[in-house]
Amino acid sequence: AIKVYIKEIGKDEKRGGSLVKISRSDPGFLRCLFENEIHEIYDGTVIIKDIARLAGKRSKVAVYSNDPNVDPSGACIGQNASRIQSIVSQLGNARDAKEKIDVITYNPNLGIYLSEILKPGNIVGAKIDEGIRTIYAIVESPDQKSLAIGNGGANTILARQLTHYDKVLVKTVEEAEAENIDYKTMEEFEAEAREEERRRFRERQEMILNMNKPQVEEETTVKEEIKE
């Protein structure tokens, strides 16, 4: 049996009847395979944030979990890569040129997320220019630049899809200095992420206190009435 993804069901204006558009290259097809093969995605423990795909070549699937005890990437890959290999085998790629699937952990901090997306390249910093919808990823050396860009530019193409920016350009530290690109280091992005996590923690604590406050006030009132 050949699996396909139904993209759209409409009306055939020329011949009448229904028109069904199907695809095996659409990211939605890959999403369905993940949902069918990975129980943690099916039951909502692991959530697919986004999928970028160059069908037949390379795909990147960004996942996360609200359960701190769950490794979302590990759950998708499986022991000895068994789960991800099962998915790859269903894509119907040629034996000598199977589509590669990278499962990455989503991070709300765009700098840290970018460092995951551009692996195996190792970025040391980034400039995110929202005005011109461009991201500059900074690497140490030309070798790292090649790894970050990927074969035929695949990594940066997929990075554009996942970040929803118009351009993702990879520059070496030397090139960034020559072009006066003022970028943040990964250490700065990580510090921002820690501060954001602390802020969210404080907000959760305040929310819990506010939720319990009416109950505490009610108990106090009851005790006062009993004393009277």
Side-chain angles (χ1 to χ4, degrees), residues 27-53 58-88 90 100-128 130 135 137-139 147-148 150 155 158-165 168 183-216:
F29 178 60
L30 188 55
R31 180 184 290 270
C32 288
L33 292 179
F34 267 76
E35 291 171 349
N36 289 336
E37 292 293 329
I38 301 166
H39 178 73
E40 290 84 348
I41 289 179
Y42 178 78
D43 69 10
T45 303
V46 174
I47 301 162
I48 296 175
K49 175 64 178 179
D50 214 346
I51 294 177
R53 191 176 184 206
R58 197 179 197 104
S59 294
K60 290 181 183 283
V61 181
V63 296
Y64 71 98
S65 177
N66 291 319
D67 186 341
N69 297 315
V70 173
D71 173 11
S73 299
C76 294
I77 294 169
Q79 189 173 7
N80 297 322
S82 58
R83 289 180 168 182
I84 202 69
Q85 286 176 6
S86 176
I87 292 171
V88 169
Q90 295 180 65
K100 295 180 180 179
I101 301 176
D102 298 332
V103 181
I104 62 176
T105 301
Y106 169 74
N107 194 300
N109 182 291
L110 188 51
I112 296 174
Y113 187 33
L114 184 69
S115 71
E116 289 291 319
I117 294 171
L118 291 180
K119 287 181 178 178
N122 180 35
I123 70 170
V124 297
K127 177 181 179 179
I128 300 164
E130 295 185 2
I135 296 175
I138 312 302
V139 297
L147 288 173
N155 249 11
L158 296 172
R160 291 203 306 268
Q161 295 179 29
L162 289 174
T163 61
H164 304 285
Y165 272 68
V168 175
Y183 61 90
K184 288 183 183 178
T185 65
M186 290 310 302
E187 288 78 9
E188 289 175 303
F189 281 115
E190 289 164 0
E192 286 180 353
R194 288 192 296 270
E195 180 56 37
E196 179 63 18
E197 183 58 35
R198 285 192 289 266
R199 185 187 66 78
R200 290 177 183 173
F201 177 78
R202 289 193 296 268
E203 287 181 352
R204 288 194 295 268
Q205 293 297 104
E206 289 175 5
M207 188 180 298
I208 293 170
L209 289 172
N210 289 334
M211 288 173 63
N212 293 333
K213 191 174 181 181
Q215 182 178 350
V216 173

Nearest heavy-atom neighbours spanning [X] and [Y]:
X	Y	answer
Asp50	Gln161	OD2-O, 4.0 Å
Tyr183	Glu188	O-OE1, 4.3 Å
Leu162	Ala52	CG-CB, 3.6 Å
Cys76	Val103	CB-CG1, 3.8 Å
Arg83	Ala75	NH1-O, 2.6 Å
Ser86	Glu37	OG-OE1, 3.3 Å

Would you check if [X] and [Y] make a side-chain contact, meaning some heavy-atom pair closer than 4.5 Å?
X	Y	result
Asn66	Ile47	yes
Ile117	Leu158	no
Asn155	Pro120	yes
Val61	Tyr106	no

query: Does the distance from a Lys or Arg side-chain N to an Asp or Glu carboxylate O, for Arg194 and Glu187, drop under 4.0 Å?
result: no
message: One thing to verify: whether Arg200 and Glu203 come together as a salt bridge, which I'm taking to mean a side-chain N less than 4.0 angstrom from a carboxylate O.
response: no
field: From CA spacing to verdict: side chain to side chain contact (heavy atoms under 4.5 Å, CB included), Val63, Ser73
entry: CA-CA 7 Å; Val63 296; Ser73 299; 4.2 Å; yes
query: Does atom CD of Gln205 have more than 12 heavy-atom neighbours, drawn from other residues, nucleotides or ligands, at distances under 6.0 Å?
result: yes
- prompt: Crowded around Lys184 NZ? As in, over 12 foreign heavy atoms under 6.0 Å?
  reply: no
Within this structure, what is the [atom1]-[atom2] distance for the pair [X] and [Y], rounded to the nearest 0.5 Å?
X	Y	atom1	atom2	result
Ile87	Leu30	CD1	CG	7.0 Å
Glu130	Ile135	CD	CD1	9.5 Å
Glu197	Arg202	CD	CZ	10.5 Å

field: Donor-acceptor pair between Thr45 and Asp43 side chains, under 3.5 angstrom
entry: yes
Could you give the side-chain donor-acceptor pairs of residues 109-116 under 3.5 Å, partners two or more places apart or in another chain?
| residue | atom | partner | partner atom | Å |
| --- | --- | --- | --- | --- |
| Asn109 | OD1 | Gly111 | N | 3.1 |
| Asn109 | OD1 | Ile112 | N | 3.2 |
| Asn109 | ND2 | Phe189 | O | 3.2 |
| Ser115 | OG | Ile112 | O | 2.6 |
| Glu116 | OE2 | Lys119 | NZ | 3.0 |

